[in-house]
Amino acid sequence: MRFIPVTCEDQVEMLRTVGLSDVDELFADVPEAARLARPLALPEPMGEVELAAHLKELARSNAGADDVASFLGGGCYDHYVPAIVDAVVSKPAFFTAYTPYQPEVSQGTLQAVYEYQSMICQLTGMEVSNASMYDGATAFAEAALMAARVTRRGRVVVSGAVHPEWRSTLATYVEAGTVTVTEVAAAGGVSDIAALAASVGDDVAAIMVASPTFYGRLEDLAPLAELAHGAGALLVVGTNPILLGVMEPPATFGADIVVAEGQPLGSPMSFGGPGLGVFACRQAHIRQMPGRVAGRTTDVDGRTGFVLTFSTREQHIRREKATSNICSNHALNALAAGVYLSAVGAEGLAGIAGACVAKAQYLEQALVATGRFERVHAAPFGYEFALRYRGDVAEMQRALLDAGFLAGLDLGRFSADDAGLVLFAVTEKRTRAELDRFVEEVGAL
Amino acid sequence: MSTHDRTEPTREPLTGTLIFERGAAESRCVEAPPLDVPVVSLGGYARAAAPALAHVTEVDIARHYERLASANFGVDSGFYPLGSCTMKYNPKIDEWACRLPGFAGIHPYQAEETVQGALELMWGLQESLAEVAGLPAVTLQPAAGAHGELTGLLTIRAYHTAQGDPRKRVLVPDSAHGTNPATVAMCGYEVVQVPSDERGGVDLDALRGLLDTDVAALMLTNPNTLGLFDENILAITAAVHEVGALAYCDGANLNAILGKTRPGDMGFDALHINLHKTFATPHGGGGPGAGPVAVTGALAPFLPGPVVGMTDDGRYTLVTPARSIGRVRSFLGNFGVLVRAYTYIRALGGQGVTEVAEQAVLSANYLRVRLGDAWPVAYDRVCMHEFVLSGGTMRKEHGVRTLDVAKRLLDYGYHPPTIYFPLIVDEAMMIEPTETESKATLDRFADVLLAIAAEAAEDPDLLHGAPYTTPVRRLDEAAAVKEPDLAWRPQEGAGV
Ligand SMILES: Cc1ncc(COP(=O)(O)O)c(C=O)c1O
């Protein structure tokens, strides 16, 4: 009864007030045949001491970021999270609240969302950001649906250089035939622009790419925007929010919708979730945007305040005609992102992103120099890159795990075409000493 | 009010000043670590102009967000009877658990042998949810209730397609949550509305009239959004199955029936469970939650991947079901939320979980009866974990709307109930006390609602003007749309 403050005596009195004598009478509407006639077969309850020990043991049996030096990325990154971030998101007034349906007692959440939206606009260069989606993959899928609504067209052309899990999420979302997807294979770790051009027509709602790509390479976005806009389609660009500290934002080149996995902005990796879906677009398209959005206004006394706005797009009002079915989003991760970006500032973000990029280039050159890896892509990269391993990838990764490293992502698990390729991500947390030791271990394989 | 009042010195409002307006141009908080390798530029891809972000020190940030937090209301602030949302207390050990380095610091693409503890936890949660649902197969992937609906309906769609029997329509009661019809549309089905009967349940005759072999599924919330358990549930699911359609349960209201009855035993084929409602994971100011989906054996092969399985030698492993609809998101689900729900279930055990439902339902009924005649209940009978009042009479007699009542509740220090939902109740006010409130809290809240009813009769304008004591008062929502201000931007030439 740890979390139930009603005493037995109170219970009896409450039952009496209701005019019943037994709790079971409250469930009289449940047909006999549907009742559970036995106790629930769940594990025995544990006291807090025992439970804490059990959880610690489960957690300890995993190799976490404190135990191994990680080069894993692919959308989830081992960035440092400043202590102030968790101090803020641990405030009960933030994390035990819900969607700010009553703005007069939710100004904390609403202002934090407004500030988050502002920061995302600054980072991406876009005019409007929503309050968050579930993750990068669902934001990407929703971008396709939104592009179809904006253009009243039914097909999207997707670059094969986009994260495979984003592409498969999109495929699932449109499985019912709401939108058709044409995938165009990547070339050299980036979009094959000639092949994209060949599959674009006046039935296309969007060209969908990512920069950096899944392979870590940077796309030349200007010709892609030209191609999309020339066909009357939108350009959807997935990106990495940390890299935007040093990379020209997609808006400069004409992106119409920008999405990202927001986990790098102050959320722990947490086995891949919860992160958040960053979603930003043009103001002109706001009525087709999915998700919640906060706006600044004033109260009856003229004080500045914030509200959820443009709600007529949403499911609770528009029902089957809503722009999306999303209701709960990832507000707490958006709060974390806002605190993170405030803590690092533009200079800190540039410094962090710059460190990631510099360390990644350093490692790439050193790994190639060992002779165990070879280059397969030529386009410039940010802080993630793929190399071909001259040998058995699984064996290499096992050996390096024993040496204390998570040695990159085996791309063969996503596609047979990429068998032998290993994707390395290098964050600001990796020290030169770690990189040098890793290279040494690779050399000794 | 004078700003020079002696008794009320001017204070900076808690909110309104943006983080961008705090600190000073040279203020810094966290700096990047010193670079120990040669600097590299992105060349032609390099950013030309820095983004305008805040310039603040750590103390600025700490104070800024502390002020924002004090302008917020959460479950730890007080009673939060927001119907349909199950705003129960969020145990602190759950928060501790999800932050353990072995959980928070692991990557979704690590080799399985390095994350056996995490997979064991997910497997254990799958098993527990399957038991509570009365359905054998569970996916933990969906990120929220609506995402679970999408997952469940796409699974049902794939099942019908595999039978060579794709169907066109999904039936949804008129009392359903907005996410239900929105999900149906995203899944490419036509929405057909089913009316409710005079007792608040599904109108069985109307349902039978709408069922045919083009119907893929009925989406039903049971207990429903009026807080009522549909007595005809077995007849409903049987009628659905008779035409080859499937029954989908929106599990938003699972808190009412834990251990008493199970959706699988009612004849449902698929169910989503909101961990952020039933299993005490925090609502986060709007999320993240998690919306695991449980299904029958017949639907199991179509679930999205990956799910956690066990090998013959007792190792945990990620598997993609044979005829999976594919991914519904990246990675493995909202693991941090799963850790919290697992912790909660392990703290309670089977009996503890059942007591949750018993107390949640008793507390709702107690409050319903305590409010007596002053507040007409839309469907006045024994309810489950919540009930819906109608403010229709109050509006007619005193010109006071449910919105006004909600705003007045803010002055008394309560978060208002859910208002204007479900749509079939005039001036609806949906109250869900949850099991984690004491009798004293319920009594005080009932007294306050009765006092507000008296205020409405005596001085309607008092309610029209409420709230008076909150950090801000009623906000101009029309202006927010007419002149959208959705993001702060640095002033031209201000050099921020
Ligand atoms: C009855 C009902 N169905 C579905 C949902 C949607 O759940 P979520 O917000 O987790 O997507 C809600 C919650 O808001 C609900 O109350």
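Here the structure is a predicted model, which means the values were calculated and not measured.
- Here OG1 of B:Thr261 is found 10.0 Å from CZ of A:Phe27. Values are rounded to the nearest 0.5 Å.
- Looking only at heavy-atom pairs under 4.5 Å with chain B, the residue among A:Leu72, A:Leu51, A:Val18, A:Leu341 that has the most is A:Leu72.
- The candidate with the highest count of non-hydrogen atom pairs below 4.5 Å against chain B, out of A:Asp66, A:Asp301, A:Ile286, is A:Asp301.
- For B:His147 and A:Tyr134, the distance between ring centers is under 6.0 angstrom.
- Using a 4.5 Å cut-off between heavy atoms, B:Leu82 contacts chain A through its side chain alone, with no backbone atom that close.
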Derivation of the salt bridge (Lys or Arg N to Asp or Glu O under 4.0 Å) call for B:Glu66 and A:Lys91
CA-CA 8 Å; B:Glu66 179 58 24; A:Lys91 289 180 190 291; 2.6 Å; yes
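- By number of non-hydrogen pairs under 4.5 angstrom with chain A, the leading residue of B:Pro282, B:Ala144, B:Ala104, B:Gly188 is B:Ala104.
- Of the two parts of A:Leu406, only the side chain, counted from C-beta on, holds a non-hydrogen atom closer than 4.5 Å to a non-hydrogen atom of chain B.
- The residue among B:Gln351, B:His415, B:Glu31 with the most heavy atom pairs within less than 4.5 Å of chain A is B:His415.
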List the steps, then state whether salt bridge (Lys or Arg N to Asp or Glu O under 4.0 Å) holds for B:Arg473 with A:Glu104.
CA-CA 6 Å; B:Arg473 296 181 56 212; A:Glu104 298 88 346; over 6 Å; no
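- Looking only at heavy-atom pairs under 4.5 Å with chain A, the residue among B:Gly284, B:Cys98, B:Pro304 that has the most is B:Gly284.
- Dense packing is recorded around CD of B:Gln116, with more than 12 heavy atoms of other residues, nucleotides or ligands lying under 6.0 Å away.
- Of the atoms belonging to B:Asp476, heavy atoms from both backbone and side chain fall under 4.5 Å from chain A.
- For chain A, the nearby parts of B:Val37 are the backbone and the side chain; heavy atoms of each come within less than 4.5 Å.
- The contact between B:Leu410 and chain A is made entirely by side chain atoms (from C-beta outward), counting heavy-atom distances below 4.5 Å.
- Atoms NE2 and CE, from B:His107 and A:Met269 in turn, are 6.5 Å apart once rounded to the nearest 0.5 Å.
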Under the criterion side-chain hydrogen bond (donor to acceptor under 3.5 Å, both in side chains), I'd like the reasoning laid out for A:Ser90 against B:Arg99: C-alpha separation, chi angles, the key distance, then a yes or no.
CA-CA 11 Å; A:Ser90 299; B:Arg99 287 170 169 80; 3.2 Å; yes
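- With a 4.5 Å cut-off on non-hydrogen atoms, B:Leu154 touches chain A through its side chain but not through its backbone.
- Ion pair A:Glu175/B:Arg157 not flagged as a salt bridge, since none of the NZ, NE, NH1 or NH2 atoms sits closer than 4.0 Å to an Asp/Glu carboxylate oxygen.
- Per-residue heavy-atom pair counts under 4.5 Å with chain A were compared for B:Ala479, B:Ala50, B:Ala97, B:Pro471, and the maximum is reached by B:Pro471.
- For A:Glu115, there are no salt bridge (charged side-chain N to carboxylate O under 4.0 Å, His left out) partners at least two apart in sequence or on another chain.
- Heavy-atom pairs under 4.5 Å with chain B were tallied for A:Glu48, A:Gln283, A:His316, A:Glu57; the largest tally goes to A:Glu48.
- One finds the CZ atom of A:Phe271 at 10.0 Å from the CG atom of B:Leu121 (value rounded to the nearest 0.5 Å).
- For a residue to count as touching a neighbouring chain, one of its non-hydrogen atoms must lie under 4.5 Å from one of that chain's; by this rule B:Val115 touches chain A with backbone and side chain alike.
- The only option from A:Thr178, A:Asn325, A:Ile326 that meets the side-chain contact (heavy atoms from CB on, under 4.5 Å) definition with B:Met186 turns out to be A:Asn325.
- For B:Val472, the parts lying near chain A are the backbone and the side chain together; criterion is any non-hydrogen pair under 4.5 Å.
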Evaluate the side-chain hydrogen bond (donor to acceptor under 3.5 Å, both in side chains) criterion for residues A:Gln102 and B:Lys407: first the C-alpha distance (whole Å), next the side-chain angles of each, then the deciding distance (0.1 Å), finally the verdict.
CA-CA 8 Å; A:Gln102 297 289 339; B:Lys407 298 308 179 194; 2.7 Å; yes
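- The most heavy-atom pairs under 4.5 Å with chain B, out of A:Thr304, A:Val293, A:Thr297, come from A:Thr297.
- Using a 4.5 Å cut-off between heavy atoms, B:Thr343 touches chain A through backbone and side chain atoms alike.
- For B:Glu95, the part lying under 4.5 angstrom from a heavy atom of chain A is the side chain only.
- Between the CG atom of B:Leu475 and the CZ atom of A:Arg303 there is a distance of 9.5 Å, given to the nearest 0.5 Å.
- Between chain A and the options B:Trp96, B:Phe331, B:Phe421, B:Tyr89, heavy-atom pairs under 4.5 Å are most frequent for B:Phe331.
- When A:Gly136, A:Ala65, A:Ser342, A:Pro100 are compared by the number of non-hydrogen pairs under 4.5 Å with chain B, A:Ser342 comes out ahead.
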Audit row: A:Asp135, B:Ser330, side-chain hydrogen bond (donor to acceptor under 3.5 Å, both in side chains) steps and yes/no
CA-CA 7 Å; A:Asp135 70 351; B:Ser330 53; 2.8 Å; yes
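- In this structure, A:Tyr98 and B:His283 have perpendicular ring planes: the angle between them is above 60°, well past the 30° mark.
- Using modelled atom types and a 3.5 Å distance limit, the side chains of B:Gln359 and A:Gln11 yield a donor-acceptor pair.
- With a 4.5 angstrom heavy-atom cutoff, B:Leu348 touches chain A via backbone and side-chain atoms both.
- The OH atom of A:Tyr173 sits 9.5 Å away from atom CZ of B:Arg329, with the distance rounded to the nearest 0.5 Å.
- Residues forming a side-chain contact (heavy atoms from CB on, under 4.5 Å) with A:Glu248 (at least two apart in sequence, or on another chain): A:Thr252, A:Phe253, B:Arg47, B:Ala48.
- Note: B:Tyr45 leads B:Tyr45, B:Phe73, B:Tyr80 in heavy-atom pairs under 4.5 Å with chain A.
- When heavy atoms are compared at a cutoff of 4.5 Å, B:Leu362 approaches chain A by way of both its backbone and its side chain.
- In this structure, the portion of B:Leu35 lying under 4.5 Å from any heavy atom of chain A is its side chain and not its backbone.
- Of the two parts of B:Pro38, the backbone and the side chain both hold a non-hydrogen atom closer than 4.5 Å to a non-hydrogen atom of chain A.
- Neither the backbone nor the side chain of B:Thr418 has a heavy atom closer than 4.5 Å to any heavy atom of chain A.
- Note that CD of B:Glu435 and CD1 of A:Ile4 are 5.5 Å apart. Values are rounded to the nearest 0.5 Å.
- Counting non-hydrogen atoms of neighbouring residues, nucleotides and ligands closer than 6.0 angstrom, the CD atom of A:Glu127 exceeds 12 such neighbours.
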Run A:Lys359 and B:Asp36 through salt bridge (Lys or Arg N to Asp or Glu O under 4.0 Å) and show every step you take.
CA-CA 8 Å; A:Lys359 288 173 191 213; B:Asp36 51 7; 3.4 Å; yes
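- Looking only at heavy-atom pairs under 4.5 Å with chain B, the residue among A:Gly348, A:Gly354, A:Ala34, A:Ala137 that has the most is A:Ala34.
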Working note: B:Asn72 + A:Ser106, criterion side-chain hydrogen bond (donor to acceptor under 3.5 Å, both in side chains); need CA distance, chi angles, decisive distance, verdict.
CA-CA 5 Å; B:Asn72 238 28; A:Ser106 311; 4.9 Å; no
